[in-house]
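All remarks here apply to the structure that follows.
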Amino acid sequence: MSHLSEFDPEISNAIENEINRQRNGLEMIASENLVSRAVLEALGSPLTNKYSEGYPGKRYYSGNEFIDNVENLAINRAKELFGAEHANMQPHAGSQANMAAYFAMAEPGDKIMAMNLAHGGHLTHGSPVNFSGKLFNIVPYGVQQDTHLIDMNEVRDIALREKPVVILAGHTAYPRTLDFEKFRQIADEVGAYLMVDMAHFAGLVAGKAHPDPFLWADVITTTTHKTLRGPRGAVIFSKIEDRIHPEDKKNLAKKIDFAIFPFMQGGPLDHVIAAKAVAFKEALHPSFEQYAEQIIVNAQALAESLMNNGVDLVSRGTDNHLVLADLTKTGLAGKQGETLLDSVGIYTNKNMVPFDQRKPMDPSGLRIGTPALTTRGFTEDELKQVGEMIAHTLHNPNQNDILEGVRKKVEAMTQAHPLYDGWSYETPE
Ligand code: DSN
(Lines give C-alpha, C1' and ligand atoms only; values in the text may rest on other atoms or scores of the structure.)
Protein backbone atom coordinates (compact mmCIF):
# COMPACT_ATOMS: atom_id res chain seq x y z
CA MET A 1 0.00 0.00 0.00
CA SER A 2 1.26 3.53 -0.68
CA HIS A 3 1.49 6.33 1.89
CA LEU A 4 -1.35 8.05 0.09
CA SER A 5 -3.68 5.07 -0.10
CA GLU A 6 -3.06 4.29 3.56
CA PHE A 7 -3.75 7.83 4.77
CA ASP A 8 -6.32 9.02 2.21
CA PRO A 9 -7.97 6.18 0.30
CA GLU A 10 -10.61 8.52 -1.14
CA ILE A 11 -8.01 10.63 -2.95
CA SER A 12 -5.79 7.70 -3.91
CA ASN A 13 -8.85 5.94 -5.28
CA ALA A 14 -9.81 9.00 -7.33
CA ILE A 15 -6.25 9.24 -8.69
CA GLU A 16 -6.21 5.55 -9.52
CA ASN A 17 -9.53 5.93 -11.36
CA GLU A 18 -8.11 8.84 -13.34
CA ILE A 19 -4.97 6.87 -14.25
CA ASN A 20 -7.22 4.06 -15.49
CA ARG A 21 -9.34 6.51 -17.50
CA GLN A 22 -6.14 7.77 -19.15
CA ARG A 23 -4.97 4.18 -19.75
CA ASN A 24 -8.25 2.95 -21.21
CA GLY A 25 -9.21 5.88 -23.43
CA LEU A 26 -7.89 7.64 -26.53
CA GLU A 27 -6.76 11.06 -25.31
CA MET A 28 -7.23 13.40 -28.26
CA ILE A 29 -7.67 16.78 -26.59
CA ALA A 30 -5.13 18.76 -28.62
CA SER A 31 -3.75 20.62 -25.58
CA GLU A 32 -3.14 17.51 -23.45
CA ASN A 33 -0.30 15.04 -23.31
CA LEU A 34 1.07 12.22 -21.14
CA VAL A 35 4.25 12.94 -19.19
CA SER A 36 7.00 10.47 -18.32
CA ARG A 37 7.47 8.84 -14.92
CA ALA A 38 10.64 10.96 -14.53
CA VAL A 39 8.63 14.17 -14.91
CA LEU A 40 6.04 12.85 -12.44
CA GLU A 41 8.72 12.01 -9.88
CA ALA A 42 10.13 15.55 -10.02
CA LEU A 43 6.59 16.96 -9.68
CA GLY A 44 5.88 14.86 -6.61
CA SER A 45 9.14 15.78 -4.86
CA PRO A 46 9.74 17.69 -1.57
CA LEU A 47 10.79 20.72 -3.64
CA THR A 48 7.17 21.77 -3.09
CA ASN A 49 8.18 22.63 0.49
CA LYS A 50 10.46 25.52 -0.41
CA TYR A 51 9.92 29.27 -0.66
CA SER A 52 12.24 30.91 -3.15
CA GLU A 53 10.85 34.30 -4.15
CA GLY A 54 13.35 36.02 -6.41
CA TYR A 55 15.68 34.50 -8.96
CA PRO A 56 18.78 32.23 -8.76
CA GLY A 57 21.46 33.96 -6.69
CA LYS A 58 18.99 36.66 -5.52
CA ARG A 59 16.37 35.12 -3.23
CA TYR A 60 14.35 36.53 -0.35
CA TYR A 61 14.80 33.35 1.75
CA SER A 62 17.76 31.28 2.86
CA GLY A 63 18.41 27.66 1.96
CA ASN A 64 18.04 28.05 -1.80
CA GLU A 65 21.36 26.66 -3.06
CA PHE A 66 19.80 23.48 -4.50
CA ILE A 67 16.71 25.28 -5.75
CA ASP A 68 19.06 27.70 -7.59
CA ASN A 69 20.74 24.70 -9.17
CA VAL A 70 17.37 23.31 -10.32
CA GLU A 71 16.16 26.62 -11.77
CA ASN A 72 19.48 27.27 -13.52
CA LEU A 73 19.39 23.79 -15.07
CA ALA A 74 15.84 24.44 -16.31
CA ILE A 75 16.80 27.85 -17.73
CA ASN A 76 19.92 26.60 -19.47
CA ARG A 77 18.23 23.54 -20.96
CA ALA A 78 15.29 25.62 -22.22
CA LYS A 79 17.65 28.18 -23.79
CA GLU A 80 19.63 25.40 -25.46
CA LEU A 81 16.47 23.65 -26.70
CA PHE A 82 15.07 26.74 -28.42
CA GLY A 83 18.19 28.84 -29.00
CA ALA A 84 16.72 31.55 -26.75
CA GLU A 85 18.58 34.51 -25.24
CA HIS A 86 16.57 34.67 -22.02
CA ALA A 87 14.12 32.34 -20.26
CA ASN A 88 11.92 32.90 -17.21
CA MET A 89 10.90 29.57 -15.68
CA GLN A 90 8.49 30.87 -13.07
CA PRO A 91 5.06 31.48 -14.69
CA HIS A 92 2.59 29.15 -13.01
CA ALA A 93 0.50 28.79 -16.19
CA GLY A 94 -0.01 30.15 -19.68
CA SER A 95 -2.38 32.94 -18.63
CA GLN A 96 0.16 34.29 -16.14
CA ALA A 97 2.90 34.09 -18.77
CA ASN A 98 0.80 36.08 -21.24
CA MET A 99 -0.21 38.63 -18.62
CA ALA A 100 3.39 39.21 -17.56
CA ALA A 101 4.51 39.45 -21.19
CA TYR A 102 1.88 42.11 -21.93
CA PHE A 103 2.86 44.12 -18.86
CA ALA A 104 6.54 43.92 -19.81
CA MET A 105 5.80 45.52 -23.20
CA ALA A 106 2.63 47.59 -22.77
CA GLU A 107 0.69 49.83 -20.41
CA PRO A 108 -2.97 49.31 -19.53
CA GLY A 109 -5.08 50.75 -22.33
CA ASP A 110 -2.42 50.18 -25.00
CA LYS A 111 -3.37 48.46 -28.24
CA ILE A 112 -2.51 44.76 -28.58
CA MET A 113 -3.30 43.02 -31.84
CA ALA A 114 -4.14 39.32 -31.56
CA MET A 115 -6.10 36.50 -33.14
CA ASN A 116 -9.84 36.50 -32.58
CA LEU A 117 -10.81 33.77 -30.07
CA ALA A 118 -13.73 32.76 -32.31
CA HIS A 119 -11.24 32.14 -35.15
CA GLY A 120 -8.77 30.10 -33.06
CA GLY A 121 -7.14 32.55 -30.62
CA HIS A 122 -7.15 32.25 -26.82
CA LEU A 123 -9.02 33.86 -23.93
CA THR A 124 -5.86 35.75 -22.96
CA HIS A 125 -5.54 37.09 -26.50
CA GLY A 126 -8.22 39.67 -25.78
CA SER A 127 -11.53 38.06 -24.89
CA PRO A 128 -13.83 40.67 -23.29
CA VAL A 129 -14.42 38.33 -20.31
CA ASN A 130 -10.66 37.99 -19.67
CA PHE A 131 -8.16 40.41 -18.06
CA SER A 132 -6.61 40.91 -21.51
CA GLY A 133 -9.81 42.33 -22.97
CA LYS A 134 -10.53 44.41 -19.88
CA LEU A 135 -7.07 45.93 -19.34
CA PHE A 136 -5.86 46.36 -22.90
CA ASN A 137 -7.32 47.77 -26.08
CA ILE A 138 -7.50 44.63 -28.20
CA VAL A 139 -7.46 44.77 -31.97
CA PRO A 140 -8.43 41.36 -33.40
CA TYR A 141 -7.48 39.74 -36.69
CA GLY A 142 -8.98 36.53 -38.00
CA VAL A 143 -9.10 34.04 -40.85
CA GLN A 144 -10.67 34.40 -44.28
CA GLN A 145 -14.19 33.00 -44.68
CA ASP A 146 -13.42 31.00 -47.84
CA THR A 147 -10.00 29.52 -46.97
CA HIS A 148 -10.05 29.60 -43.14
CA LEU A 149 -6.46 30.87 -43.39
CA ILE A 150 -4.94 34.03 -41.93
CA ASP A 151 -4.48 36.58 -44.71
CA MET A 152 -1.23 38.41 -43.93
CA ASN A 153 -2.23 41.31 -46.18
CA GLU A 154 -5.25 41.86 -43.96
CA VAL A 155 -3.09 41.58 -40.82
CA ARG A 156 -0.83 44.27 -42.30
CA ASP A 157 -3.75 46.55 -43.19
CA ILE A 158 -5.15 46.31 -39.64
CA ALA A 159 -1.72 46.93 -38.11
CA LEU A 160 -1.06 49.98 -40.30
CA ARG A 161 -4.47 51.39 -39.42
CA GLU A 162 -4.43 50.62 -35.66
CA LYS A 163 -0.70 50.97 -34.81
CA PRO A 164 -0.66 48.42 -31.98
CA VAL A 165 2.11 48.36 -29.37
CA VAL A 166 2.27 44.55 -29.50
CA ILE A 167 1.39 42.16 -32.32
CA LEU A 168 0.70 38.64 -31.06
CA ALA A 169 0.92 35.55 -33.23
CA GLY A 170 -0.38 32.31 -31.74
CA HIS A 171 -3.50 30.20 -31.45
CA THR A 172 -5.26 27.32 -29.77
CA ALA A 173 -7.29 26.01 -32.69
CA TYR A 174 -5.66 26.91 -36.00
CA PRO A 175 -4.59 23.79 -37.91
CA ARG A 176 -1.92 25.58 -39.94
CA THR A 177 1.52 27.08 -39.34
CA LEU A 178 2.18 30.81 -38.95
CA ASP A 179 4.31 33.10 -41.12
CA PHE A 180 6.50 34.58 -38.36
CA GLU A 181 8.78 36.38 -40.81
CA LYS A 182 5.83 38.27 -42.27
CA PHE A 183 4.51 39.04 -38.77
CA ARG A 184 7.91 40.51 -37.95
CA GLN A 185 7.99 42.63 -41.11
CA ILE A 186 4.59 44.06 -40.16
CA ALA A 187 5.70 44.65 -36.56
CA ASP A 188 8.78 46.48 -37.85
CA GLU A 189 6.66 48.59 -40.18
CA VAL A 190 4.46 49.85 -37.32
CA GLY A 191 7.10 49.90 -34.57
CA ALA A 192 5.45 47.12 -32.52
CA TYR A 193 6.88 44.32 -30.45
CA LEU A 194 6.31 40.86 -31.93
CA MET A 195 5.08 38.33 -29.38
CA VAL A 196 4.42 34.67 -30.16
CA ASP A 197 2.29 32.43 -27.94
CA MET A 198 3.59 29.00 -29.01
CA ALA A 199 1.81 27.05 -26.24
CA HIS A 200 0.14 24.68 -28.67
CA PHE A 201 3.06 24.03 -30.99
CA ALA A 202 6.11 24.45 -28.69
CA GLY A 203 6.93 20.74 -28.91
CA LEU A 204 6.84 20.94 -32.70
CA VAL A 205 9.26 23.89 -32.59
CA ALA A 206 11.52 22.00 -30.17
CA GLY A 207 11.43 19.00 -32.51
CA LYS A 208 12.20 21.18 -35.57
CA ALA A 209 8.89 20.24 -37.19
CA HIS A 210 7.42 23.77 -37.24
CA PRO A 211 8.62 27.22 -38.40
CA ASP A 212 10.84 28.73 -35.73
CA PRO A 213 9.44 31.83 -33.96
CA PHE A 214 12.77 32.40 -32.16
CA LEU A 215 14.23 33.85 -35.37
CA TRP A 216 11.67 36.67 -35.36
CA ALA A 217 9.91 37.35 -32.04
CA ASP A 218 10.85 39.68 -29.18
CA VAL A 219 8.91 37.66 -26.63
CA ILE A 220 7.67 34.07 -26.78
CA THR A 221 5.36 32.50 -24.23
CA THR A 222 4.51 28.85 -23.92
CA THR A 223 2.90 26.38 -21.63
CA THR A 224 5.02 23.32 -20.94
CA HIS A 225 2.35 20.60 -20.88
CA LYS A 226 1.01 20.46 -24.43
CA THR A 227 3.11 19.22 -27.37
CA LEU A 228 6.20 19.96 -25.22
CA ARG A 229 5.13 17.05 -22.95
CA GLY A 230 6.20 18.52 -19.63
CA PRO A 231 4.40 19.40 -16.40
CA ARG A 232 1.49 21.85 -16.24
CA GLY A 233 3.17 25.28 -16.22
CA ALA A 234 4.65 27.93 -18.49
CA VAL A 235 7.82 29.74 -19.59
CA ILE A 236 8.50 33.19 -21.05
CA PHE A 237 11.38 33.53 -23.50
CA SER A 238 12.67 36.87 -24.71
CA LYS A 239 15.44 38.73 -26.39
CA ILE A 240 17.69 40.61 -23.97
CA GLU A 241 17.70 43.92 -25.84
CA ASP A 242 14.56 46.04 -25.94
CA ARG A 243 14.32 46.79 -29.66
CA ILE A 244 11.43 49.21 -29.27
CA HIS A 245 12.64 51.13 -26.21
CA PRO A 246 16.46 50.79 -26.15
CA GLU A 247 16.64 53.95 -23.99
CA ASP A 248 14.90 52.29 -21.00
CA LYS A 249 16.99 51.52 -17.93
CA LYS A 250 15.68 47.93 -17.85
CA ASN A 251 16.30 45.76 -20.92
CA LEU A 252 13.54 43.41 -22.17
CA ALA A 253 14.80 40.40 -20.19
CA LYS A 254 14.73 42.44 -16.98
CA LYS A 255 11.24 43.74 -17.78
CA ILE A 256 9.99 40.16 -18.24
CA ASP A 257 11.54 39.00 -14.97
CA PHE A 258 10.10 41.98 -13.10
CA ALA A 259 6.65 41.40 -14.60
CA ILE A 260 6.60 37.87 -13.16
CA PHE A 261 8.17 38.71 -9.80
CA PRO A 262 7.46 40.94 -7.95
CA PHE A 263 4.72 42.36 -10.20
CA MET A 264 2.44 39.32 -10.67
CA GLN A 265 3.56 36.29 -8.73
CA GLY A 266 5.09 35.40 -5.38
CA GLY A 267 7.05 32.21 -4.76
CA PRO A 268 7.73 29.99 -7.77
CA LEU A 269 6.61 26.35 -7.84
CA ASP A 270 10.04 24.75 -7.52
CA HIS A 271 8.82 21.17 -7.91
CA VAL A 272 7.20 22.20 -11.22
CA ILE A 273 10.39 23.97 -12.33
CA ALA A 274 12.31 20.74 -11.62
CA ALA A 275 9.79 18.82 -13.73
CA LYS A 276 10.15 21.41 -16.52
CA ALA A 277 13.93 20.82 -16.44
CA VAL A 278 13.36 17.06 -16.80
CA ALA A 279 10.98 17.61 -19.72
CA PHE A 280 13.53 19.89 -21.46
CA LYS A 281 16.17 17.18 -21.05
CA GLU A 282 13.77 14.73 -22.72
CA ALA A 283 13.07 17.21 -25.52
CA LEU A 284 16.80 17.74 -26.09
CA HIS A 285 17.17 14.03 -26.90
CA PRO A 286 17.31 13.38 -30.68
CA SER A 287 14.27 11.07 -30.44
CA PHE A 288 12.10 14.12 -29.69
CA GLU A 289 12.50 15.22 -33.31
CA GLN A 290 10.96 11.93 -34.44
CA TYR A 291 8.19 12.41 -31.90
CA ALA A 292 7.37 15.90 -33.20
CA GLU A 293 7.37 14.74 -36.80
CA GLN A 294 5.16 11.76 -35.96
CA ILE A 295 2.61 14.03 -34.23
CA ILE A 296 2.13 15.83 -37.56
CA VAL A 297 2.16 12.66 -39.70
CA ASN A 298 -0.49 11.25 -37.35
CA ALA A 299 -2.60 14.42 -37.50
CA GLN A 300 -2.47 14.38 -41.30
CA ALA A 301 -3.49 10.69 -41.40
CA LEU A 302 -6.36 11.51 -39.06
CA ALA A 303 -7.41 14.48 -41.21
CA GLU A 304 -7.46 12.38 -44.42
CA SER A 305 -9.40 9.62 -42.74
CA LEU A 306 -12.02 11.98 -41.28
CA MET A 307 -12.53 13.78 -44.60
CA ASN A 308 -12.71 10.44 -46.51
CA ASN A 309 -15.42 9.40 -44.08
CA GLY A 310 -17.61 12.46 -44.48
CA VAL A 311 -16.40 14.76 -41.69
CA ASP A 312 -15.68 18.35 -42.79
CA LEU A 313 -12.46 19.97 -41.56
CA VAL A 314 -11.74 23.65 -41.21
CA SER A 315 -9.13 24.57 -43.88
CA ARG A 316 -9.47 20.99 -45.20
CA GLY A 317 -6.51 19.55 -43.39
CA THR A 318 -3.66 20.29 -41.03
CA ASP A 319 0.02 21.24 -40.89
CA ASN A 320 0.32 20.72 -37.15
CA HIS A 321 -0.92 18.60 -34.25
CA LEU A 322 -4.65 19.26 -34.51
CA VAL A 323 -7.66 19.17 -36.74
CA LEU A 324 -10.79 21.27 -36.33
CA ALA A 325 -13.92 19.44 -37.46
CA ASP A 326 -17.08 21.32 -38.40
CA LEU A 327 -19.92 18.99 -37.40
CA THR A 328 -22.70 21.00 -39.06
CA LYS A 329 -23.23 18.43 -41.83
CA THR A 330 -23.44 15.51 -39.38
CA GLY A 331 -26.47 17.15 -37.72
CA LEU A 332 -24.67 17.19 -34.36
CA ALA A 333 -23.46 20.21 -32.38
CA GLY A 334 -19.89 20.16 -31.06
CA LYS A 335 -21.04 19.45 -27.52
CA GLN A 336 -23.10 16.44 -28.66
CA GLY A 337 -20.12 15.16 -30.64
CA GLU A 338 -17.84 15.57 -27.63
CA THR A 339 -20.27 13.72 -25.32
CA LEU A 340 -20.85 10.93 -27.82
CA LEU A 341 -17.14 10.35 -28.36
CA ASP A 342 -16.55 10.48 -24.61
CA SER A 343 -19.08 7.63 -24.27
CA VAL A 344 -16.90 5.39 -26.47
CA GLY A 345 -13.65 6.40 -24.74
CA ILE A 346 -12.39 9.00 -27.23
CA TYR A 347 -11.67 12.37 -25.60
CA THR A 348 -11.93 15.54 -27.72
CA ASN A 349 -13.33 19.01 -27.05
CA LYS A 350 -16.08 21.13 -28.51
CA ASN A 351 -14.73 24.26 -30.17
CA MET A 352 -15.88 27.28 -32.14
CA VAL A 353 -15.22 27.12 -35.86
CA PRO A 354 -14.52 30.36 -37.78
CA PHE A 355 -17.75 32.27 -38.50
CA ASP A 356 -19.65 29.87 -36.25
CA GLN A 357 -23.42 30.35 -36.22
CA ARG A 358 -23.65 28.73 -32.77
CA LYS A 359 -22.63 29.98 -29.30
CA PRO A 360 -19.22 29.49 -27.57
CA MET A 361 -20.67 27.08 -24.97
CA ASP A 362 -22.45 25.10 -27.68
CA PRO A 363 -20.39 25.60 -30.84
CA SER A 364 -20.37 23.70 -34.14
CA GLY A 365 -16.86 22.31 -34.00
CA LEU A 366 -14.74 19.63 -32.44
CA ARG A 367 -10.99 20.02 -31.89
CA ILE A 368 -9.01 16.77 -32.14
CA GLY A 369 -5.25 16.39 -31.61
CA THR A 370 -2.57 13.73 -31.81
CA PRO A 371 0.17 14.63 -29.22
CA ALA A 372 -0.95 12.17 -26.52
CA LEU A 373 -1.61 9.21 -28.83
CA THR A 374 1.77 9.82 -30.45
CA THR A 375 3.36 9.68 -27.00
CA ARG A 376 1.72 6.25 -26.56
CA GLY A 377 3.34 5.08 -29.80
CA PHE A 378 0.38 5.29 -32.18
CA THR A 379 1.37 5.60 -35.84
CA GLU A 380 -0.42 6.79 -38.97
CA ASP A 381 -2.16 3.46 -39.78
CA GLU A 382 -3.76 3.54 -36.36
CA LEU A 383 -4.74 7.22 -36.71
CA LYS A 384 -6.44 6.31 -39.99
CA GLN A 385 -8.48 3.74 -38.06
CA VAL A 386 -9.18 6.23 -35.27
CA GLY A 387 -10.49 8.67 -37.89
CA GLU A 388 -12.88 5.96 -39.14
CA MET A 389 -13.97 5.20 -35.58
CA ILE A 390 -14.67 8.89 -34.88
CA ALA A 391 -16.59 9.28 -38.15
CA HIS A 392 -18.69 6.12 -37.52
CA THR A 393 -19.51 7.35 -34.04
CA LEU A 394 -20.54 10.81 -35.23
CA HIS A 395 -22.63 9.43 -38.09
CA ASN A 396 -24.41 6.84 -35.92
CA PRO A 397 -25.22 8.51 -32.60
CA ASN A 398 -28.15 6.16 -31.83
CA GLN A 399 -26.74 2.85 -33.14
CA ASN A 400 -25.71 1.03 -30.00
CA ASP A 401 -24.15 -1.90 -31.87
CA ILE A 402 -21.87 0.48 -33.80
CA LEU A 403 -20.95 2.43 -30.66
CA GLU A 404 -20.19 -0.85 -28.86
CA GLY A 405 -17.96 -1.89 -31.76
CA VAL A 406 -16.00 1.37 -31.48
CA ARG A 407 -15.68 0.90 -27.71
CA LYS A 408 -14.15 -2.56 -28.29
CA LYS A 409 -11.68 -1.16 -30.82
CA VAL A 410 -10.68 1.59 -28.36
CA GLU A 411 -10.05 -1.11 -25.75
CA ALA A 412 -7.91 -3.18 -28.13
CA MET A 413 -5.88 -0.14 -29.21
CA THR A 414 -5.20 1.05 -25.66
CA GLN A 415 -4.13 -2.45 -24.64
CA ALA A 416 -1.68 -2.51 -27.54
CA HIS A 417 -0.11 0.74 -26.20
CA PRO A 418 0.09 0.37 -22.41
CA LEU A 419 0.37 3.50 -20.28
CA TYR A 420 2.04 3.80 -16.86
CA ASP A 421 2.33 0.03 -16.87
CA GLY A 422 2.32 -1.53 -13.42
CA TRP A 423 1.74 1.74 -11.57
CA SER A 424 -0.78 1.40 -8.76
CA TYR A 425 -1.42 2.95 -5.34
CA GLU A 426 -2.84 -0.39 -4.25
CA THR A 427 -5.82 1.41 -2.81
CA PRO A 428 -7.87 -0.93 -0.58
CA GLU A 429 -11.34 -1.79 -1.94
N1 DSN B 1 -6.99 25.47 -22.55
C2 DSN B 1 -5.98 25.43 -23.56
C3 DSN B 1 -6.41 24.71 -24.77
O4 DSN B 1 -7.12 23.74 -24.62
O5 DSN B 1 -6.05 25.09 -25.87
C6 DSN B 1 -5.41 26.74 -23.88
O7 DSN B 1 -5.00 27.35 -22.72
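Counting convention: from 1, in listed order, for ligands and their atoms alike. Keep in mind that this is a model prediction, so the values were computed, not measured.
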Discussion item. I need the contact residues for ligand 1: any residue with a non-hydrogen atom closer than 4.0 Å to the ligand, ordered by chain then number.
Written reply: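 Ligand 1 pocket, heavy atoms under 4.0 Å: Ser31, His122, Thr172, His200, Lys226, Arg367.
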
Discussion item. Enumerate the side chain to side chain donor-acceptor pair (under 3.5 Å) contacts for residues 139-149, please, sequence neighbours excluded, ordered by first and then second residue.
Written reply: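 Listed by first then second residue: nothing to list.
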
Worksheet entry | Sequence neighbours excluded, every pair satisfying side chain to side chain donor-acceptor pair (under 3.5 Å) that has a member inside residues 301-324 |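 Residue pairs passing side chain to side chain donor-acceptor pair (under 3.5 Å), neighbours aside: Arg176-Ser315, Arg176-Asp319, His200-His321, Asp312-Lys329, Thr318-Asn320.
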
Worksheet entry | Phe136 ring center within less than 6.0 Å of Phe103 ring center |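 Centroid distance Phe103-Phe136: below 6.0 Å, so yes.
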
Item to complete: Using a cut-off of 6.0 Å, state whether more than 12 heavy atoms not belonging to Arg23 lie near its atom CZ.
Response: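 Enclosed.
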
Fill in: Worked check of ring pair (Phe, Tyr, Trp, His ring centres under 6.0 Å) between Phe237 and His86
CA-CA 6 Å; Phe237 296 97; His86 179 71; 9.1 Å; no

Discussion item. I'd like to check the side-chain hydrogen bond (donor to acceptor under 3.5 Å, both in side chains) partners of Asn33; sequence neighbours left out, ordered by chain and number.
Written reply: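 So Asn33 forms a side-chain hydrogen bond (donor to acceptor under 3.5 Å, both in side chains) with Tyr291, Thr375.
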
